[in-house]
Amino acid sequence: MPELPRTLTRSWSSTLKLPKSTFPARVSPADQAKYLRRCTDELYAWQRHERPADRPFVLHDGPPYANGELHIGHALNKILKDIICRVHLGRGKRVRYVPGWDCHGLPIELKALQGEKDAGMVANGPVSAAVVRNKARKLAGKTVKEQMKGFRGFGVMADWESHWKTMDKEFEKRQLGVFREMVDKGLIYRRFKPVYWSPSTGTALAEAELEYKDDHVSTAALVKFPLVSLPPHLAQNPLLCDKEVSAVIWTTTPWTLPANAVIAVHESLEYTIVESDTRGYLLIAQSRLEYLQNILKEDLSVIVPSILGSELADRTTYRPLFKGRDAQAQPMIAADFVTADSGSGLVHCAPGHGMDDYEACASHGIAAFAPVNDHGEFTNEAMPIDHSRLSGKNVLGEGNAAVLEYVESQGQLIAQHRYEHKYPYDWRSKLPIIIRATEQWFADVGDIRDSAVKALQDVHFFPQPGKQRLENFVKNRSEWCISRQRAWGVPIPALYHRDTGEAVLSKDSVSHIMSVIDERGVDAWWTDDANDVAWIPATLRDASGSGYRRGTDTMDVWFDSGTSWTEIDGLAQDKGHLADVYLEGTDQHRGWFQSGLLTYIAHQLASGQTSVPTAPFKNLITHGFTLDEDGRKMSKSIGNVVEPQAIMNGTLLPPLKQKKGKKKQSENAVSVYDALGPDALRMWVASSDYTRDVVVGKQVLQTVNTSLHKYRVTFKLLLGALADFRMDRILPYDQLQKVDQIALMHLSDMVVASQKACDNFEFYRAVNAINRWANLEFSAFYMESVKDRLYTYGEDSASRRAAQTTLFHIYNYLQEVLAPITPMLVEETWEHAPEAVRSQCDHPMKRIISAPAPEWQSPALETDYQDIMAVHSVIKTVQETARGKKELGSSLQSFVHIVLAGENVTDSVLQRYLSELPDLFVVSSVTLSAQSEPVLSSIQNAEWHYMEQFELPSGQKGTVYVYTPQQAKCPRCWRYAVPESPTAEQEEEKLCDRCDEVVREFDANAA
């Protein structure tokens, strides 16, 4: 309601029930801290004691890495988890959410050492494992504390005091226990075979530790290998007599040529022998002949037109290029991975540098050979005939060039060219990796993957495509390299014979080592004397007691975090799932989701479980990555990083750097946001469709702030209207006015839509439903129509009680739907609620929410509402016309007459709502007539009037007239409802009949 003129304030303001509330326009920092504590730590502690133990909800934390500051992706992840927990708290569940941290691994190790070097505490050169572990542990512990403080500042409700870390002693003991089970089951073995190897960090890597760069450039080469022998029918061909035929291979890794062991063909492909004027006789796939001609820029003569690969395999040999002319000839074999889509149709195989190559050669009894050291440099074995040519050279740089130089010097290089393609990089160092055969420990995934895939069948994936993605990763994996050549991690508890190097790893040996670790701590594995026999089981000790040494490999960090389900072991829920929810980024299909699934399946199989194994998670949810408003990844180098703290504190965002040639956009220079605290960050998360990549930036955050301000204004209106509300004033549904019932119908629709969206983890749909309701159905419709009843009617009138009853329901349900999303705001609204409400109602975040009353859902009311709004829209349009001509100010400064087509208006929705239409349309009078009745004389005699035709959704047509009020303005309610008086002075003093009655009652009560 507009503010009353100053001259009337003294006369009538005291008789009005204007809204009063202590709810502030903005929350103070001190109050924010208070509300944050209440809606996080105190709420979590309350529900642990008050919610029934037989109704648990378990969300298991995918541990963030304890390395560096929190970024916007951390906020997205942690807040999504918190919203889910709060939704289930509202469903009456006892929430169990214990945060964890992944603390081992190379990035922490390198960062810790670099920090010490920068401080001058560590000299250049090798550093002992004990020093590495000490520095890394301190760094990880410090980072965990800093990140925990940040997460708590996001308004995340969790059992922070019981948080776990992969470097905790108890966690490591549980991890080793799972490892021992897998050893006992025969799922852990050691083998010399190719693995992903990072020369930049000196360790083996798992698939999950790779990043693929699409624009990697390699030097590709066409190389010919002289054939030593051909199948008899070809050797006897007179056209080939005394001719040297060479097999043509194409490779993008020429540096692997010194390790070549075989050339592979496909059995069903057709090959041909052709003659080149410059390169001699060449063997190539028929389908690649045109490609070779284009490379050589000459027409090739076909000598032998068609040879099946099956004729060549196992019957053809060739001379290796790097072992000298006296070296033993090597075979040509068949392999299914050979295709005719690229290259030459013949594949050079180096089993020490290729996964497929290894498998193909292993089936023929050919061992892997990898003459490359830990740093990615050739060893002397790469070229026994001339060590100096390759030894010590990096295979991805000068070593690759040196190989090609030698091949060319021997006349075997046909061509070379730059080749841009997708290539794996170490996710830590951001440098390319190689494939290299080394002695490593592996987990046998082949024996458990079928059970793992079956276990996924009763898991709910959100979004659904995640299921196929995870299944594919599991199906395509036969083994998992779990050993790393680092010091900061959980040791692989293997013993090695000092003379033979033979490894010992058994259930008994692991159990013995675990008992020593339990007594001395895991660091003692590295710090104890190398000859300390306490680590050697009695059955392995010889007379000297030093026949075995402890290994130095550590476990893959994915094995660490993958066994984190042990933290919730024993909490199995529906169908044996340990956790109700696992939630992480979509990249974890190849990482934590997979390692957690595989280790849990292995545990169940190893423990002799006879039933079908289950996944550790019941629901698996994934989110995308965070991008700026232009869809770019965030990077400090381009200045587009949005920090979580900047969103919460409303601080300046850095200006975006402009691309070259782009005109500077001043609106991007600075972006200022209100300091809305954690709710601003949470609102951004909740309003985003996180199943895709999530955008954050100026425009997005302005929308978020607009929504939060709208909620705040809405609560201020509600609390003001309920300031004098008492629970004994609640009216039953059938005593509410029609507009109140429509408002409850809209509220019910919003609440049901919000609850359904939250149950489906689609929080952005819930936010959309809340925003639409707040802007349209509550603010623009109901609150506008109900203000007059709230402010001008008697305190205990049925009309005002009906409005307050409706607003009380709205207040309660709005708190409940917003509780998971903006808990700080909800906590604040409870703080400022009238005492009568606080004393009779449960705290909004401690309630068990329920669906709105079924009677609030009414199709008939929805039909009525649509008809009324169709007329309302026309009235608004006509009023704007009058405003445009300066004839109308307030909408109360108009009368409305509606003419309906037909003879009878009795059954019309407008007739049934006639008494409430002035409130609904916010005008001073509404009248209704049939088309057959004459037009009102008051309209014809009005100072101004406008008309517009309409058609209701039901099909009925009519005309709306908006015209000058025919009565005087009431100085109390501002409605034009006072019969005209002889003089202007009497008009100013006189109230409308309704206000006169209310004021008389007010005066009587005051007396």
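The first residue in the sequence is number 1, and the count goes up from there. Computed from a prediction, not measured in an experiment: that's the story for all the values here.
At least one donor-acceptor pair under 3.5 Å links the side chain of Thr706 to the backbone N or O of Gln702. Side-chain N or O atoms of Ser891 include one that pairs as donor or acceptor with a backbone N or O of Val922 at under 3.5 Å. Judged by distance alone, with hydrogens and angles left aside, the side-chain atoms of Gln741 form no donor-acceptor pair with the main-chain N or O of Trp856 at under 3.5 Å. Without hydrogens or angle criteria, Thr959 side chain to Glu948 main chain gives no donor-acceptor distance under 3.5 Å. For the pair Gln699 (side chain) and Gly697 (backbone), a donor-acceptor distance under 3.5 Å is absent. Under a 3.5 Å cut-off, the side chain of Asn760 and the backbone N or O of Lys756 do form a donor-acceptor pair. Side chain of Ser754 to backbone of Val751: no donor-acceptor contact under 3.5 angstrom is found.
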For a side-chain contact (heavy atoms from CB on, under 4.5 Å) check, start with the C-alpha distance between Glu862 and Met745, then their side-chain angles and the critical distance, and finish with the verdict. CA-CA 8 Å; Glu862 177 60 31; Met745 176 187 68; 3.1 Å; yes

Asp907/Gln911 under side-chain contact (heavy atoms from CB on, under 4.5 Å): CA gap, chis, key distance, verdict: CA-CA 7 Å; Asp907 296 330; Gln911 180 63 48; over 6 Å; no

Between Phe895 and Tyr976, is the ring-ring contact (aromatic ring centres under 6.0 Å, His included) condition met? List the steps. CA-CA 9 Å; Phe895 275 20; Tyr976 288 78; 7.7 Å; no

His746 vs Tyr865, test: side-chain contact (heavy atoms from CB on, under 4.5 Å). Steps then yes/no. CA-CA 10 Å; His746 290 156; Tyr865 173 72; 3.2 Å; yes

Just do the side-chain contact (heavy atoms from CB on, under 4.5 Å) check on Asp788 and Cys973 with the steps written out, would you? CA-CA 7 Å; Asp788 181 72; Cys973 71; 4.0 Å; yes

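Annotation: the span from Ile810 atom CD1 to Phe778 atom CZ amounts to 5.5 Å, rounded to 0.5 Å. Within the model, atoms CG of Leu708 and CE of Met824 stand 11.5 Å from one another, a figure rounded to the nearest 0.5 Å. Here the CG atom belonging to Leu900 is positioned 4.5 Å from the CD atom belonging to Gln956, to the nearest 0.5 angstrom. From Ile83, atom CD1 reaches atom SG of Cys758 across 8.0 Å, with rounding to the nearest 0.5 Å. Between atom OG of residue Ser707 and atom CD1 of residue Ile770 there is a gap of 9.5 Å, rounded to the nearest 0.5 Å. The structure places CG of Leu16 at 7.5 Å from SG of Cys995, a figure rounded to the nearest 0.5 Å.
Between Glu629 and Lys698 there is no salt bridge, since none of the side-chain N atoms of the basic residue sits less than 4.0 Å from a carboxylate O of the acidic one. Electrostatic pairing of Arg86 and Asp82 counts as a salt bridge here, judged by a charged N lying under 4.0 Å from a carboxylate O. Using a 4.0 Å cut-off between charged nitrogen and carboxylate oxygen, Lys787 and Asp919 do not count as a salt-bridge pair. With salt bridges taken as basic N to acidic carboxylate O contacts below 4.0 Å, one links Glu828 and Arg712. At a threshold of 4.0 Å, the pair Glu997-Arg1000 does not count as salt-bridged, since none of the basic side-chain nitrogens sits closer than that to a carboxylate oxygen. Checked for salt-bridge contact, Asp689 and Arg692 meet the test: a charged N lies under 4.0 Å from a carboxylate O. By the 4.0 Å N-to-carboxylate-O rule, Arg729 lies close enough to Glu795 to be salt-bridged with it.
Side-chain atoms of His843 and Glu827 include a donor-acceptor pair closer than 3.5 Å. A donor and an acceptor atom, one from each side chain of Gln879 and Ser894, are located under 3.5 Å apart. Under 3.5 Å, the side chains of Arg972 and Thr792 contain no donor-acceptor pair of N or O atoms. With no hydrogens or angles considered, a side-chain donor-acceptor pair links Asp724 and Gln804 at under 3.5 Å. With hydrogens and angles left out, the side-chain atoms of Ser779 and Lys710 include a donor and acceptor closer than 3.5 Å. For Tyr733 and Asp740, the side-chain atoms include no donor-acceptor pair closer than 3.5 Å. A side-chain N or O of Ser799 and one of Gln737 form a donor-acceptor pair less than 3.5 Å apart. Under 3.5 Å, the side chains of Arg847 and Gln815 contain a donor-acceptor pair of N or O atoms. Ser748 and Gln857 share a side-chain donor-acceptor pair at under 3.5 Å. In the model, Tyr963 has no side-chain atom that pairs as donor or acceptor with a side-chain atom of Glu943 under 3.5 Å.
Between Ala802 and Gln735, the shortest heavy-atom distance links the atoms CB-O, 4.4 Å. In terms of heavy atoms, Arg682 sits closest to Pro820 at NH2-O, 2.8 Å. Nearest heavy atom pair, residue Pro678 against residue Met648, reads CA-SD, 3.7 Å. A pairwise comparison of heavy atoms in Leu814 and Thr714 identifies CD2-CG2, 3.8 Å as the closest pair. Smallest separation of non-hydrogen atoms from His832 and Phe23: ND1-N, 3.7 Å. Val926 and Pro918 get closest at one heavy-atom pair: CG2-N, 3.8 Å.
Exactly one residue among Val909, Leu917, Val960 makes a side chain to side chain contact (heavy atoms under 4.5 Å, CB included) with Val871. That residue is Val960. When each of Val752, Asp749, Leu744, Leu747 is paired with Pro852, the side chain to side chain contact (heavy atoms under 4.5 Å, CB included) condition holds for Val752 and for no other. With Tyr711 as reference, Asn771 is the one residue of Asn771, Thr822, Asp679 to meet the side chain to side chain donor-acceptor pair (under 3.5 Å) rule.
Relative ring orientation between His460 and Phe462 is described as tilted, the plane-to-plane angle lying within the 30° to 60° band. Ring orientation note: the planes of His945 and Tyr961 are tilted relative to one another, at an angle of 30° to 60°. Ring-plane geometry between His88 and Phe761 is classed as tilted, the angle between the planes lying from 30 to 60 degrees on a 0 to 90 degree scale.
In this structure, Gln940 and Leu936 have side chains that are not in contact, with every pair of non-hydrogen atoms separated by 4.5 Å or more. A 4.5 Å side-chain heavy-atom check between Ser929 and Val905 finds every atom pair outside the cut-off. The side-chain heavy atoms of Gln893 and Ser924, taken from C-beta on, include no pair separated by under 4.5 Å. Residues Tyr811 and Thr829 meet the side-chain proximity criterion, which asks for heavy atoms closer than 4.5 Å. Looking at Leu807 and Met783, their side chains come closer than 4.5 Å, going by heavy atoms from C-beta outward. Between Thr703 and Leu701 the shortest side-chain heavy-atom distance does not fall below 4.5 Å. Counting heavy atoms from C-beta on, the side chains of Leu790 and Pro19 never come closer than 4.5 Å.
Taking the six-membered ring where the residue is Trp, the centroids of His872 and Phe781 are separated by 6.0 Å or more. With ring centers used as reference points, Tyr764 lies 6.0 Å or more from Tyr690.
The cationic group of Lys885 does not satisfy the cation-pi geometry with Trp944, failing either the under 6.0 Å distance to the six-membered ring centre or the 45° limit from the ring axis.
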